[in-house]
Amino acid sequence: GIAKEAWMKDADRVRAWAAERLFIRANSVVTVADLYLDFRQWCAAEGVSESRIPARNSFARRLRQVEPRLVPGPNSAGARFENAALKPVC
């Protein structure tokens, strides 16, 4: 249905962003907040309307699905991944 299509489109957007902006690296810690901010900026640059950008919790969930190698940090430390970093913007 429509909800599943929207979910797939959002997941594809997260996947495209991750392929372009994220890299897996041991002993690198990055917060979901930083990743989400970068994702939102990337969406804006891609011309994605604000209403089509998934919420932060949905983004984090989809990100874990499109990049299963991500290691979430302990919950007490807030939302972060312990083996990822953002690629520098050229």
Side-chain angles (χ1 to χ4, degrees):
I2 289 176
K4 186 168 196 276
E5 279 173 36
W7 193 94
M8 291 299 291
K9 197 166 279 174
D10 288 349
D12 287 347
R13 202 166 279 138
V14 172
R15 182 178 287 113
W17 168 84
E20 213 172 287
R21 298 288 304 127
L22 189 71
F23 69 104
I24 301 299
R25 188 174 68 190
N27 305 316
S28 290
V29 175
V30 65
T31 65
V32 171
D34 285 347
L35 295 179
Y36 186 62
L37 180 64
D38 191 85
F39 174 68
R40 289 180 63 89
Q41 291 168 341
W42 180 88
C43 284
E46 295 283 308
V48 177
S49 71
E50 191 75 21
S51 63
R52 294 299 319 136
I53 298 174
R56 191 168 111 176
N57 57 348
S58 299
F59 164 78
R61 210 167 35 244
R62 288 177 183 135
L63 185 55
R64 284 198 300 272
Q65 288 169 328
V66 302
E67 183 44 270
R69 295 175 297 169
L70 283 169
V71 177
N75 289 341
S76 60
R80 68 182 196 195
F81 296 111
E82 306 215 315
N83 66 332
L86 282 167
K87 293 176 184 171
V89 179
C90 301

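Nearest heavy-atom pair, K87 versus E20, reported as atom, atom and distance to 0.1 Å: CD-O, 3.3 Å. Across all their heavy atoms, A33 and R56 have their closest contact at CB-NH1, 3.5 Å. In terms of heavy-atom proximity, A85 sits nearest to R25 at CB-NH2, 3.8 Å. Nearest heavy atom pair, residue R64 against residue P72, reads CD-CG, 4.0 Å.
The CG atom of D34 sits 12.5 Å away from the CZ atom of R80 when rounded to the nearest 0.5 Å.
Summarising the hydrophobic clusters (Ile, Leu, Val, Met, Phe, Trp, Tyr; side-chain heavy atoms under 4.5 Å, direct or chained), the residues clustered with F59 are V14, W17, L22, I24, V30, V32, L35, Y36, F39, W42, V48, I53, L63, V66, L70, F81, L86.
Residues passing the side-chain hydrogen bond (donor to acceptor under 3.5 Å, both in side chains) test with D12 are R15, sequence neighbours excluded.
The existence of a salt bridge linking E50 and R52 is excluded, since no basic side-chain nitrogen approaches an acidic carboxylate oxygen closer than 4.0 Å.
Here the side chain of N83 pairs a donor or acceptor atom with the backbone of R69 at under 3.5 angstrom.
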